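Have a look at the structure below before the remarks.
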Amino acid sequence: MEEIKSTNFIEEFINKDLADGKIEEVVTRFPPEPNGYLHIGHAKSLCINFGMKEKYNGKCNLRYDDTNPSKEDVEYVNSIKEDIKWLGFEWDEELYASDYFDRMYDCAVLLIKKGLAYVCDYTAEQIKATRGTLTQPGEESPWRGRSIEENLRLFEEMKEGKYADGTKVLRAKIDMASPNINMRDPVIYRVLRATHHRTGDKWCIYPMYDFAHPLEDAFEGITHSICTLEFEDHRPLYDWVKVNCGFGDFPRQIEFARLGMTRTIMSKRYLKKLVDEGKVSGWSDPRMPTLSGMKERGYPPEAIRRFCQEIGVSKSQSEVDVCMLEHFVRDYLNVNADRMMVVKDPIKLIVANAAEDEIYQIENNPNAEVKTTHAVSFSRELYIDRDDFAPVPPPKYKRLVPGGKVRLKGSYILEYVSHECDADGNVTSVTCNYIPDSISGGVNASIKVKGVIQWVNAKDCIDLTLHEYDYLLLDGDGDFNDRLTPDSHKIYPNAKGERYLSDAKQYDRFQFMRMGYFSAVKDYGKDGKYEFNQITGLKDSYGK
RNA sequence: AGGGGUAUCGCCAAGCGGUAAGGCACCAGACUUUGACUCUGGUAUUCGUAGGUUCAAAUCCUGCUACCCCUGCCA
């Protein structure tokens, strides 16, 4: 294989292993525990692991790390699968840690036979009490010296169900005085009576992560087991299991810093709480930082991948500004999202000199690589947004004002004639004349106007539902605080039902996530077969 | 007897002894049938800190400091 330039430290490891001839193919894996939905943090891991497969033309397996039946569920394995596909990744093999339970059991027996594991009768409390502390060594279990024969017999009896949950465990015999607490005779098998979502009640003992993970990796021929930083301390144990169970230099564990993002809750525990307490409609609620929530929100998967690519990979603890994610969403949408016109708070606009109805084509997206158009109809009665007409214009106002001109996007230039107000002084309608031949290409098209506004034909526009999202502030402990209702965070559905998020307001002093309500607001566009509406997912087009 | 990590612009992040890439954000102009987009220009004399080695250090050495992770029969 020819040498490939590395762009991060993980690739440096891989390139070295390749250059040294230690491996011929790169094999990675994405190993979620099916105990929740995937979120944006998982997207980073997904992009790294599948990224290695793509870059090195290797393999990447999807493997469910289902070694704790008390927390796991098939609902999650299905959602995980869907979300990975949605992001656009293809795994080579779909595997389950539970498929290896027999082989893992055999490995445990092997360790016992080598005198490297023993059955311990301590309770969880006793194990904790004798583990020592960060600064003091632990003390050895009185069961540490059991004979191999006795250990073999007891372990088999554990498997056969002779012992109650929590009464016996299998421990690796390593070093109770190790400064690395993970090496102080870690538990590698526990008795646990719970129905497993795949193996049912076949087993009543289950392997622990530290024992299971290196074996899963080794069984599958994983070359690089990429995980997050908090497992760095576990690497010696990972290697201990790997070597003592008869494997060589590979797989190798490499750790990177997990994704932290401003204003985003990434703790699975807390996300689950939101779902369980009904604060959100579910894991796929558009306010959730889950992949399915972002999908619901209208985030394109390409944007998420691009984001993951651009934030890079390192070992320094970091918190990426959520603006970065939103940038790549906008960046993608700018080129790929169809533009339609929408009027949020309509007032009637009468085109006094309009003779007959017209239909013409306007571009779906002027930034698209392949230009397409859609039909728009024009008539004597239109709607424009209340914000787009100012009886008394503020400074620097660029839209319609008494005595002024403005262009209807994709259509004619309008000249103000008059306007009417109700008893409270609210504008109820505006009357204008259009300037003939002022559509693009016409002889009057070059007349200078201050601004361009969106509009819809009153005759054939349709109502839309505008989903408005509120934020719920969370304090440092993750408890709910008072509500805040920023005005700039709205989600507009387009004709395909996709929703794009507008730019978010910034709050510095709190962690918070999107919460709130859906409010139905009348919007006016064209009927279903015409595309309409506006620049969703882009920065507000009208500044202050 | 504690161990393991990390420290480069407001936020990510390149850099691997030869004199601080890039992206986000921000600021200023230009352009514009979306006040968007696009474009142009501007943003670290300095790399946690104090010393040392060297003609030359963010990069090597030494000592400090700050932050993160580890005492589940979770993963």
Side-chain angles (χ1 to χ4, degrees), chain A residues 7-8 12 31-33 35 65-68 70-72 120 122-125 127-129 131-138 165-171 177-184 186-192 205-206 208-210 212-213 227-236 255 257 259-262 268 307 310-328 330-331 334-335 339 341 362-363 366-367 396-399 406-413 438-440 445 449-454 503 506 508 534-535 538-544:
Chain A
T7 59
N8 63 51
E12 276 175 28
E33 182 187 18
N35 66 349
D65 215 351
D66 55 351
T67 57
N68 184 355
S70 64
K71 288 188 173 180
E72 298 151 8
C120 180
Y122 266 164
T123 61
E125 293 69 39
I127 288 179
K128 180 176 179 159
R131 183 154 28 221
T133 68
L134 295 177
T135 53
Q136 286 155 210
D165 289 11
T167 56
K168 276 186 169 52
V169 292
L170 184 70
R171 292 227 249 170
S178 171
N180 181 344
I181 293 174
N182 295 301
M183 300 299 270
R184 318 235 260 232
V187 172
I188 59 178
Y189 257 98
R190 79 280 217 180
V191 180
L192 177 62
I205 57 172
Y206 292 94
M208 300 291 290
Y209 169 87
D210 282 317
H213 208 85
C227 64
T228 45
L229 241 34
E230 65 269 27
F231 292 106
E232 226 162 4
D233 287 341
H234 296 242
R235 195 181 340 130
E255 311 85 8
L259 174 66
M261 204 157 68
T262 58
K268 221 183 242 182
F307 166 74
E310 296 303 320
I311 56 175
V313 184
S314 76
K315 294 185 74 145
S316 62
Q317 178 276 338
S318 61
E319 189 177 47
V320 177
D321 196 322
V322 71
C323 289
M324 185 101 68
L325 208 211
E326 293 180 338
H327 163 79
F328 289 109
R330 276 188 248 111
D331 197 50
N334 186 223
V335 178
R339 307 301 155 79
M341 290 192 281
I362 68 176
E363 272 184 319
N367 300 322
K396 294 188 179 175
Y397 189 74
K398 294 175 69 170
R399 291 160 271 166
V406 75
R407 176 179 288 282
L408 292 178
K409 183 169 166 55
S411 181
Y412 294 104
I413 291 174
S438 61
I439 287 187
S440 181
V449 293
K450 283 194 290 187
V452 181
I453 64 173
Q454 296 191 41
D503 209 25
Q506 301 221 28
D508 300 334
Q534 96 152 354
I535 338 166
L538 302 180
K539 281 184 174 172
D540 283 343
S541 47
Y542 297 126
K544 297 181 179 138

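For the numbers below, each heavy atom of this structure counts, side chains included, while hydrogens, waters and symmetry mates do not. Throughout, protein chains are lettered first and strands after them, A, B, ... in sequence-line order, and every chain is numbered starting at 1. Everything numeric in this text was worked out from a predicted model, so none of it was measured.
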request  = Report which part of the nucleic acid A:V313 touches: base, sugar-phosphate, or nothing (heavy-atom distance under 4.0 Å, all strands).
outcome  = sugar-phosphate
Whole-Å distance, A:I453 CD1 to B:rA36 P, equals 17 Å
Here the distance between atom C1' of B:rA13 and atom CD1 of A:I311, to the nearest Å, is 11 Å
A:L259 CG to B:rA13 P, in whole Å, measures 10 Å
Using the P atoms only, state how far B:rC60 lies from B:rG22, rounded to an integer number of Å.
24 Å
When rounded to whole Å, the CZ to P distance for the pair A:F328 and B:rC12 reads 15 Å
Between NE2 of A:H327 and P of B:rC24 the distance, given in whole Å, is 4 Å
Judged by whether its glycosidic angle lies within 90° of 0, B:rG72 is syn
Separation of B:rG4 atom P from A:E232 atom CD, nearest Å, is 11 Å
When rounded to whole Å, the CD to C1' distance for the pair A:E363 and B:rA36 reads 15 Å
Between A:R407 (side chain) and A:S411 (backbone), is there a donor-acceptor pair under 3.5 Å? yes
Taken in chain and number order and not counting sequence neighbours, the residues that satisfy salt bridge (Lys or Arg N to Asp or Glu O under 4.0 Å) with A:K71 are none
With sequence neighbours left out, the residues meeting salt bridge (Lys or Arg N to Asp or Glu O under 4.0 Å) with A:E232 are A:K315
Sorted by chain and residue number, the salt bridge (Lys or Arg N to Asp or Glu O under 4.0 Å) partners of A:R235 (sequence neighbours excluded) come out as A:E255
A:E310 CD to B:rG23 P, in whole Å, measures 10 Å
Tabulated below should be each protein N or O lying under 3.5 Å from an N or O of nucleotides 15-17 of chain B; please produce it.
from: B:rC16; atom 1: N4; to: A:E12; atom 2: OE2; distance (Å): 3.4

Would you say B:rA13 has OP1 or OP2 under 4.0 Å from some side-chain N or O of A:S316? yes
Practice problem: Determine whether any donor atom in the side chain of A:R235 lies under 3.5 Å from an acceptor atom in the base of B:rG4, or the reverse, and answer yes or no. | Solution: no
Those residues at least two apart in sequence (or on a different chain) that pass salt bridge (Lys or Arg N to Asp or Glu O under 4.0 Å) with A:E363 are none
Give a yes/no answer on whether the side chain of A:R330 brings an N or O atom under 4.0 Å of OP1 or OP2 in B:rA25.
yes
Nucleotide by nucleotide, nucleotides 68-75 of chain B touches protein heavy atoms under 4.0 Å in the pattern (B base, S sugar-phosphate only, - none) -BBBSBBB
